[in-house]
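Take a look at the structure set out below.
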Amino acid sequence: MSVLRLAIPSPLRRHFDYLAPIGMSNAALVGLRPGIRLRVPFGRREVTGYLLAVVENTDVPLNSLKHALEILDEAPLIDPQLLHLCGWAADYYHHPHGDVFGTLFPKRLREGKPQQPQGTLMWQLTALGKSLPEAALPRSPRQAQAISLLMQHAVIKNTVFKDHGISASVLRSLEGKKLIQSHIQSERSHLFKVNHHITLNPEQHAALDAVAGAGKGFSCHLLEGVTGSGKTEIYLRLIEDCLQQGRQALILVPEIGLTPQTLARFEQRFEATIAVLHSGLSDAQRYQAWEAARAGNAHIVIGTRSAVFTPLASPGLIIVDEEHDGSYKQQDGFRYSARDVAVKRAQIQSMPILLGSATPSLESIHNVVTARYQHHQLTHRASSGGMPQIKVLDVRRQELRAGLSNELLDAIQEKLQLGQQTLLFLNRRGFAPTLQCHDCGWIAECSACDARLTVHRRRGRLRCHHCGYSRMLPRQCPQCNSERLMTAGLGTEQTEDFLRTHFKQWATYRVDSDSMQSKGSMQALAEDINRGEPCILLGTQMLTKGHHFPRVSLVAVIDADALLFSTDFRGEERMAQLLTQVAGRAGRADISGKVLLQTHYPDHPALLAMLTTSYAEQARVLLKQRQASGMPPAGQLIVLRTDCPDAEYGEQFLQQLRQHGTPYLPDGARLIGPLPSPMQRRAGKYRCQLLLTAPTRGAVQAAARILVANAEALPARHGLKWSIDIDPQNVF
Ligand code: ADP
Ligand code: ZN
Ligand code: ZN
């Protein structure tokens, strides 16, 4: 007897077997195709499950199997290759299959609701309707009117009835009488238009020809091009080729990179249907875009991380912009890397993929070095401005006002007077990171985290940036009642206040997640800035990514020291990327740019490297260091984490995993820890981690399977939660 093997959204990393719905024949059952959704009982609930296979054998005694309740799809909504990709991702990331499907399917479908056909609802008369004598239905004039319209026009759009004041219920009752029938007319249109071209420079030409020349099958390319070198132009050309072949292009951008500016660039170039997928959409909008992609109605699909799983009717190309960006890695739940999944997808679906960045990840550079990826370089800017000039500004013993030295203030002044714009980078939001009592030394700390509370003066609050806790800014010290409370350290609010008074006649814009909360505020800001008036832009990381502000000619990093002393193994790579990207905001058009880095450590090797070597060279040096230490991408790394209200149990749990796993580890695999995380307590939970390293993917995966199997078998007492993170972004 055949049974249904399903993936169910549950934290358990296993399949679940079910019997056919009552009344379904075995023959019908065997005909079911993997990927269809079913409604099944699960515990005391009913959930949506996804068919993985119809199998002949089950380990579960037949009499304990439950019947599935309902088959929800006649045919799978995703193709076998995408199904294969989900299976691969579930295995590789050691994550429950059901949850992986949950990332793929929009909410409506996860909830088991029927697919909503895309297109226009059309009505026409049935044979019975056509044979109706005139002046039939005298008692319902609306129905008669509908029939008469259909007699005149044969096929009518649903909306036309609305325009005539004929409601849906009128149509439904006619349909009930079998007088009229409906169908969905597809909106598929393969027509698209390409507007204007820029003449490519020789480097761009060479890169484009090389990618295009690799053919239609799978090939993976890294486009390493300095900021402003015209990478996007190459994307647009490749997309054009892809559309010309009647195929769809999938473009991934970092969460923060999907700016209205980026989208506008695609829209200006192509008169085509573009489906956009990002976290700001409503469920209905997301579903619409997903269906348009799935049905092949969208030529171009552009989206953030999870868009990598969007089904495509005729996939032809994937582009991952700013491929080094950390937001491609999901940091909780299903901890996948959209970039890596994209490469796997291109392989499974046999199409080319292009990863682009001015500051490629060491992973991608490693893949170039080992000849897995093809490499294309753009070494100079497309515009006439040239690369910006970088200078380290030694602020030791200098007077600093809101973090700004006189030399920096003079430089800003000079640019403003020339009618140009300045961008200041300070990666700390709020007014100040510390509130302290001058009399007794009390410091405002979060009661749930090992962290200080940040002063947000504008809103009169203290906030924890780690757990979201917030309270009123106190007037008195809770310890000694003194009113002499003072702030220490610097945040964007404070520097903004200073800039506004110091440079009164010019505008200062603050750009961080506090000031950009409302929808459309980033777009409004970009429009303001790009009108070109002289002004100061002050912001966090948010300001540095992907934006194109042609009038910015001075960029300054207010506190480069904050970037210098990361303990994470990716710390130096991140810093080089960040500084290069920040610097890259200067002089994007025809004015040449200048970059100032304020520091107390002017001789720090990482800063000196910024002055004398390109990112490309720095990255190759860093890669050598990783090879020596066996860290990714040279070696493989996995982290197991625990999160537990009990201070000791998490560590004990990992200790047991270590003991049980050690005898079975493959050659070269090594466990490090358990160690408390650097911020040990966060949101009331104690956090611990166990590191697993191995020289090869095969070994690290084999070891991970052992650890996961053990972890699932151990009791998770005291509210413990554990997780596994494959190819983690941070370990400290
Ligand atoms: P990147 O994506 O590498 O940061 P962009 O594609 O945004 O670079 O290009 C930077 C600027 O240079 C844009 O204003 C773009 O229109 C312009 N540009 C790109 N390629 C050319 C070219 N071949 N000739 C002239 N301008 C170009
Ligand atoms: Zn006090
Ligand atoms: Zn907190």
Side-chain angles (χ1 to χ4, degrees), residues 196-208 223-239 251 253-254 257 259 261-262 264-266 268-269 319-323 354-360 376-387 435-454 462-471 474-486 530 544-552 580-581 583-591 593 615 679-685 687:
H196 63 265
H197 273 235
I198 293 179
T199 315
L200 297 184
N201 63 37
E203 272 192 336
Q204 285 173 315
H205 247 302
L208 178 67
L223 178 62
E224 183 173 13
V226 298
T227 50
S229 58
K231 294 183 290 298
T232 312
E233 195 52 43
I234 294 182
Y235 303 162
L236 295 169
R237 295 296 180 99
L238 288 170
I239 295 167
I251 324 300
V253 293
T259 57
Q261 274 172 296
T262 316
R265 223 163 141 188
F266 281 80
Q268 277 159 16
R269 180 63 58 91
I319 288 170
V320 183
D321 189 23
E322 308 289 356
E323 65 87 29
L354 178 74
L355 314 178
S357 175
T359 54
H376 317 286
Q377 273 178 297
L378 304 178
T379 55
H380 46 256
R381 287 200 157 165
S383 60
S384 55
M387 291 308 282
L435 181 71
Q436 192 174 22
C437 171
H438 196 49
D439 289 347
C440 77
W442 169 84
I443 286 176
E445 288 173 332
C446 178
S447 57
C449 305
D450 292 334
R452 292 177 177 184
L453 295 171
T454 300
L462 282 172
R463 286 212 176 118
C464 176
H465 287 183
H466 303 282
C467 71
Y469 169 84
S470 153
R471 72 165 127 112
R475 281 160 194 272
Q476 290 180 331
C477 170
Q479 200 164 271
C480 74
N481 292 329
S482 156
E483 290 186 358
R484 302 218 288 167
L485 294 179
M486 56 183 216
N530 286 335
T544 64
K545 289 191 191 174
H547 298 290
H548 186 60
F549 298 123
R551 302 291 300 173
V552 168
T580 308
Q581 293 286 350
R585 299 309 112 194
R588 301 256 310 168
D590 44 8
I591 359 177
Y615 173 82
M679 185 191 288
Q680 195 184 358
R681 204 168 49 103
R682 181 168 173 165
K685 307 267 180 64
R687 307 179 318 145

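Just follow the structure's listing: the first ligand is 1, and inside any ligand the first atom is 1.
Residue I198 has no nitrogen or oxygen atom sitting less than 3.5 Å from a nitrogen or oxygen atom of ligand 1, judged on distance alone. Annotation: L200 places no N or O atom under 3.5 Å from an N or O atom of ligand 1; distance criterion only. Inclusion of T227 in the set of residues having an N or O under 3.5 Å from an N or O of ligand 1 is not warranted.
Note that the CD1 atom of I234 and the NE2 atom of H376 stand 9.0 Å from one another [nearest 0.5 Å].
Across all non-hydrogen atoms, the minimal contact from A382 to G230 is CB-N, 4.3 Å. Nearest heavy-atom pair, E323 versus P360, reported as atom, atom and distance to 0.1 Å: OE2-CA, 3.1 Å. The shortest non-hydrogen separation linking H438 to M486 is ND1-SD, 3.4 Å. Minimum interatomic distance between V226 and A358 (heavy atoms only, all atoms of both residues): C-CB, 3.9 Å.
Below 4.0 Å from some heavy atom of E233 lie the following atoms of ligand 1, by number and element: 6 (O). Atoms of ligand 1 found under 4.0 Å from any heavy atom of N201 (numbered from 1 in listed order, with element): 23 (N). In summary, the atoms of ligand 1 found under 4.0 Å from a heavy atom of A382, numbered by their order in the structure, are 12 (O), 18 (N), 19 (C), 20 (N), 21 (C), 27 (C).
At least one N/O/S atom of C464, from backbone or side chain, sits under 2.8 Å from the Zn ion (ligand 3). The nearest N, O or S atom of H465 is not closer to the Zn ion (ligand 3) than 2.8 Å.
Only one option out of R471, H466, H465 pairs with Y469 in a side-chain hydrogen bond (donor to acceptor under 3.5 Å, both in side chains); it is R471.
Of the heavy atoms in T199, only backbone atoms (N, CA, C, O) come closer than 4.0 Å to ligand 1. Contacts between R265 and ligand 1, counted as non-hydrogen atom pairs separated by less than 4.0 Å, involve the side chain only. Residue-level proximity to ligand 1 for Q204 is carried by the side chain, the only part with a heavy atom below 4.0 angstrom.
Without hydrogens or angle criteria, R475 side chain to L485 main chain gives no donor-acceptor distance under 3.5 Å.
By the 4.0 Å heavy-atom criterion, S229 is counted among the residues contacting ligand 1.
Residue nearest to atom 10 (C) of ligand 1, selected from G356, G228, A358, G584: G228 (by heavy-atom distance).
The side-chain heavy atoms of L453 and L435, taken from C-beta on, include no pair separated by under 4.5 Å.
With the Zn ion (ligand 2) as the vertex, SG (C477) and SG (C440) define an angle of 100°, rounded to 10°. With the Zn ion (ligand 2) at the apex, C480 SG and C437 SG define an angle of roughly 110° (rounded to 10 degrees). Our summary of the site lists the angle at the Zn ion (ligand 3) between SG of C449 and SG of C467 as 110°, to the nearest 10 degrees.
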query = Where do E322 and K231 land on the salt bridge (Lys or Arg N to Asp or Glu O under 4.0 Å) test, with the steps shown first?
reply = CA-CA 10 Å; E322 308 289 356; K231 294 183 290 298; 5.8 Å; no

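No more than 12 heavy atoms of other residues, nucleotides or ligands shown are found within 6.0 angstrom of CZ on R452.
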